[in-house]
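Nothing fancy with the numbering, it's 1 onward along the sequence.
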Amino acid sequence: IVLVRKVLHEKEKHVLYFLVGSNHAQTKHRVLKIDRTEPKDLAIIDDKHVYNQQELRELLGRLDLGNRTKMGQKGSSGLSRAVSAYGIVGFVRFLEGYYLVLITKRRKMADIGGHSIYKIEDTNMIYIPNDSVRVTHPDEARYVRIFQNVDLSSNFYFSYSYDLSHSLQYNLTLLHSPCDPGTVEEVHTRSSRQQDSFDIFEDEGLPTQVFHGLQSEPYAKYVWNGKLLERVKDTVHPDWLMYIIHGFCGQSKLLIYGRPVHVTLIARRSSKFAGTRFLKRGANCEGDVANEVETEQIIHDASVMSFTAGSYSSYVQVRGSVPLYWSQDISTMMPKPPIRLDQADPYAHVAALHFDQMLQRFGSPIIILNLVKKREKRKHEKILSEELFPAVINLNQFLPPEHCIDYIAWDMARYTKSKLYNVLDRLSMIAENVVKRTGFFINRSDFFCHTLRPDERWGDLGGSLTSSGRVQTGVLRTNCVDCLDRTNTAQFMVGKCALAYQLYALGMIDKPKLQFDTDCVRLFEELYEDHGDTLSLQYGGSQLVHRVKTYRKIAPWTQHSKDIMQTLSRYYSNAFSDADRQDAINLFLQVYQPSESKPHLWELPTDFYLHQRNSMALTHDRRSYTYWWSEGILSYLPLPYDEVPCEENMKKVGVRRVNRYDESIDTYTEFFKPYELTSFDDTFCIAMTNSARELMPKTVGVDPSPFTVRKPEETGKSAVIGAKSSKEETVVQRKTAASAPPPPSEEQISSSSEDDSEDDRDDDGSVSQRSTPVKLLTESGESVRTQEVWDGKPDMQTGPWERRLTYIQHEFSICFIFHLSLLSLSLSSVPVSCFTTDSIYEVSSPQVDRDNREVFEGHVLTGLGQVRSLCREDILMYREYIKNRYM
């Protein structure tokens, strides 16, 4: 059950809270009872019973009737609604009683396989104990203010049915993992409980279709409310637990000749050793580094929603601070405080712990891209490189040669200042080598793109091949000093290279190569700039200072003044507000838990001891300096240990045996709600970051392919992407571009790539090279408009049917009429594809059976006002809807 809607009721005597959770269809409900008479303890009762609408109505009616002040008096109800919410963030206590944190507003940000991803827009913090038992404390209000400094409405995301803490590769690999029938949790059948889902096969006397639903534990590192739910985790049903992540989530729509492709970017910020820029540097004693963010780009064909039938691809990369004991002293009030190494680590113990985590989650190879400076007049960033490189050498001598950590050091800042070198060309070479080594994930193995349009780069691609597709093994770890500006540009170039391979694998382009100044790359660049700005605000206190256009050296002259303002904003934030933000993060993540026997949070001179556990107690077990990896990891490399279906990992997976029509696994019913009257605004309410429609050319005759190189003035957005005047203007511009039709313009055929050589056109990864401009002529011979018509088979124009276009002008309208010279009214299509699955270039004709024809004819008759008689299936469906909705 996906608990979507929570309604908090309270008794008039203020002794109990009743928290009612419902699924999306409002057919199943659970009830939590919270005792308000406990001043400092949390007393929650969950009966683990699933109520239908009638049972819930009777329960709330009895509670309302039994708790009125006077029997029969309607004015003084004993049960009143306190608040409506969309989820529980958690329970937190400072010095008095517990607080309940609820999500009261949400906004849909993305959709992956029918699973909606929401952004928290607003929350409500409710004090549980009533006033009669409340024991006040003078410092309670200050702790509440510090806790609320973590703005939950700023870049916190959740999903009811999709695990955001894991990658798409992990979630889909889990579907193919074998399950032990002895550990399967049996669910109640229809005969034992009447409110369960509708099963038409059981009504017909046929055997029930049984499916196994899988649910895994979230990855604790990227969960931000894990500590807030820890108090009730073992008390309530798992349906009540909803885990949130912090970072970034954006989705853009790419149109390839009308075929929708969604590009989704999800960034998960680590909750371990989390904090602000100068207050959290390096790593702690457990191998967790500061500013660690896992970025995943997901490409999928939006025309098919299902995970099993759809086409999905993802690529993951990581950023994080240099895994050493180092820090910067901000007491000097300098823009760049000196870097100092806090502890000597000759055996690279902390780096070993960090890379052990990465091998366990991502497999091998681990590739380090170190972008810090190499040459400086006074040693500053160079100190980190001089310590990191020997640490990697020390760790590699104990690993097998095929699984060694790769180290790439490149002074990106020095290359940027030089006029002889192109920064992005060098990054493109690095990205190509990285993607070839790690590969990427795709859930289909039968696209035949490399057979139809062979490319030599496809044969060198790394990763691991499986029966269901391809799996990414290993990961790129990028870092500079702050892991903000240089890191974001490097990650964009690697993501752009991976995007080309993903689109090529999905059959969308001819070659795994994308060029700048195409609609596709512009769309991807905007998505990555929003991603970089968001992560930079969270860690550094300002937006990006240097963007992709800065390194391309095409930024407008106004960008320099904006960079200065962002630098000043970052300096002000680091100097004056970072300490308060760090206290709020420590309190929200429960790194510091208030107690009357401990000093207050604002009295601590430093939070070093809160994040370094070995400073408070001696460790009982010391890890080996030579065998520094966890047990069992090497035997499965290059595959990540977390995705291997071994006994230890399968303990984290819960298996449920449900019937085919159970709504907990029925994504179609959950998303489209066929039994209800819904509107498009509610069903398709995704707040798209961008759409290719905004970047498409305004003129009619230009090739609309998103892989055609265009000048900025030829696109729908004439303004430069990087020169955003304000957030409000950007929103208005996007809404206008999305709602208004393209303005009429004079006929023109233009392409910015016409002057290119044939060699450049061969390297261009666009599919628009095979489109030929064809002019449509009137009867008088004058050109009316120009269209791009797909140049298909040579014999299409001389086949059994011909097409003539006639231009007819009526008194009130102008229309085009196509005359088809056919021998009969029915077309006989012959499949042309010799492959098992259709590709983007050759499509077999669909076979329509008799049942589908009858359904379509019924829709046509209904539109004409001729409603056919209801059959038995329609009556059963309507009866089920009435029972679930009103009974």
I want to know whether His115 and Phe307 have ring centres closer than 6.0 Å.
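Distance test on ring centres: under 6.0 Å, yes.
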I'd like to know whether Leu506 forms a side-chain contact (heavy atoms from CB on, under 4.5 Å) with Ile442, so could you lay out the CA-CA distance, the side-chain angles of the two residues, the decisive distance to 0.1 Å, and finally the verdict.
CA-CA 9 Å; Leu506 293 175; Ile442 187 170; 3.9 Å; yes
Classify the side-chain pair [X]/[Y] by whether it contains a donor and acceptor separated by less than 3.5 Å.
{"X": "Gln472", "Y": "Gln169", "result": "no"}
{"X": "Gln297", "Y": "Gln502", "result": "yes"}
{"X": "Tyr528", "Y": "Asn488", "result": "no"}

Check the angle between the aromatic planes of Tyr219 and His166 and answer parallel, tilted or perpendicular using the 30° and 60° thresholds.
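The rings of Tyr219 and His166 sit tilted, inter-plane angle from 30° to 60°.
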With sequence neighbours excluded, tell me which residues meet ring pair (Phe, Tyr, Trp, His ring centres under 6.0 Å) with Tyr551.
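Ring pair (Phe, Tyr, Trp, His ring centres under 6.0 Å) list for Tyr551, sorted by chain: empty.
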Quick check for you: to the nearest 0.5 Å, what is the distance between [X] atom [atom1] and [Y] atom [atom2]?
{"X": "Phe440", "Y": "Ser313", "atom1": "CZ", "atom2": "OG", "result": "5.0 Å"}
{"X": "His531", "Y": "Glu525", "atom1": "NE2", "atom2": "CD", "result": "14.0 Å"}
{"X": "Met109", "Y": "Cys249", "atom1": "CE", "atom2": "SG", "result": "6.0 Å"}
{"X": "Phe524", "Y": "Leu254", "atom1": "CZ", "atom2": "CG", "result": "11.0 Å"}
{"X": "Ile366", "Y": "His403", "atom1": "CD1", "atom2": "NE2", "result": "11.5 Å"}
{"X": "Lys549", "Y": "Phe516", "atom1": "NZ", "atom2": "CZ", "result": "9.0 Å"}

Evaluation steps, side-chain contact (heavy atoms from CB on, under 4.5 Å), between Leu172 and Phe441
CA-CA 10 Å; Leu172 294 191; Phe441 168 75; 3.8 Å; yes
Heavy-atom closest pair, residues [X] and [Y]:
{"X": "Pro365", "Y": "Cys404", "value": "CB-O, 4.5 Å"}
{"X": "Thr478", "Y": "Ala490", "value": "CG2-CB, 4.1 Å"}
{"X": "Leu503", "Y": "Cys520", "value": "CD1-SG, 4.0 Å"}
{"X": "Val293", "Y": "Ala267", "value": "CG1-CB, 3.8 Å"}
{"X": "Cys480", "Y": "Thr487", "value": "SG-OG1, 3.1 Å"}
{"X": "Ser364", "Y": "Leu637", "value": "N-CD2, 3.9 Å"}

Between Tyr504 and Asp455, is the side chain to side chain donor-acceptor pair (under 3.5 Å) condition met? List the steps.
CA-CA 10 Å; Tyr504 177 71; Asp455 192 275; 5.7 Å; no
Less than 4.5 Å apart, any side-chain heavy atom of [X] and any of [Y]?
{"X": "Met358", "Y": "Arg477", "result": "yes"}
{"X": "Thr295", "Y": "Val316", "result": "no"}
{"X": "Ser216", "Y": "Tyr170", "result": "yes"}
{"X": "Ile299", "Y": "Tyr312", "result": "no"}
{"X": "Leu265", "Y": "Gln251", "result": "no"}
{"X": "Val423", "Y": "Trp410", "result": "yes"}
{"X": "Leu427", "Y": "Val494", "result": "no"}
{"X": "Leu369", "Y": "Leu476", "result": "yes"}

Verdict with reasoning, Ser252 to His262, per side chain to side chain donor-acceptor pair (under 3.5 Å):
CA-CA 6 Å; Ser252 295; His262 284 179; over 6 Å; no
May I ask you to decide if [Y]'s main-chain N or O and [X]'s side chain share a donor-acceptor pair within less than 3.5 Å?
{"X": "Arg444", "Y": "Ala309", "value": "yes"}
{"X": "Asp849", "Y": "Asn852", "value": "yes"}
{"X": "Asn479", "Y": "Leu371", "value": "no"}
{"X": "Lys496", "Y": "Leu514", "value": "yes"}

Residue that, paired with Asp163, satisfies side-chain hydrogen bond (donor to acceptor under 3.5 Å, both in side chains) out of Ser165, Ser159, Ser167
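Single pass found, and it is Ser165.
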Would you sort out whether Ile405 and Ile368 count as a side-chain contact (heavy atoms from CB on, under 4.5 Å), showing the intermediate values?
CA-CA 7 Å; Ile405 303 171; Ile368 304 172; 3.7 Å; yes
Quick one: do Tyr162 and Leu168 satisfy side-chain contact (heavy atoms from CB on, under 4.5 Å)? Show the steps, please.
CA-CA 9 Å; Tyr162 183 79; Leu168 180 72; 3.5 Å; yes
Residues [X], [Y]: salt bridge by 4.0 Å N-O rule:
{"X": "Asp533", "Y": "Arg547", "value": "yes"}
{"X": "Glu294", "Y": "Arg319", "value": "no"}
{"X": "Asp517", "Y": "Arg710", "value": "no"}

How far apart are the C-alpha atoms of Glu296 and Arg268, what are their side-chain angles, what is the distance that settles it, and do they pass the salt bridge (Lys or Arg N to Asp or Glu O under 4.0 Å) test?
CA-CA 8 Å; Glu296 178 182 20; Arg268 309 173 184 92; 2.5 Å; yes
Kindly determine whether Tyr501 and Glu432 satisfy side chain to side chain donor-acceptor pair (under 3.5 Å), including the steps that lead there.
CA-CA 10 Å; Tyr501 277 96; Glu432 189 76 26; 2.5 Å; yes
Is the CD atom of Glu402 crowded by more than 12 outside heavy atoms at less than 6.0 Å?
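Yes, CD of Glu402 has more than 12 neighbouring heavy atoms, counting only those of other groups under 6.0 Å.
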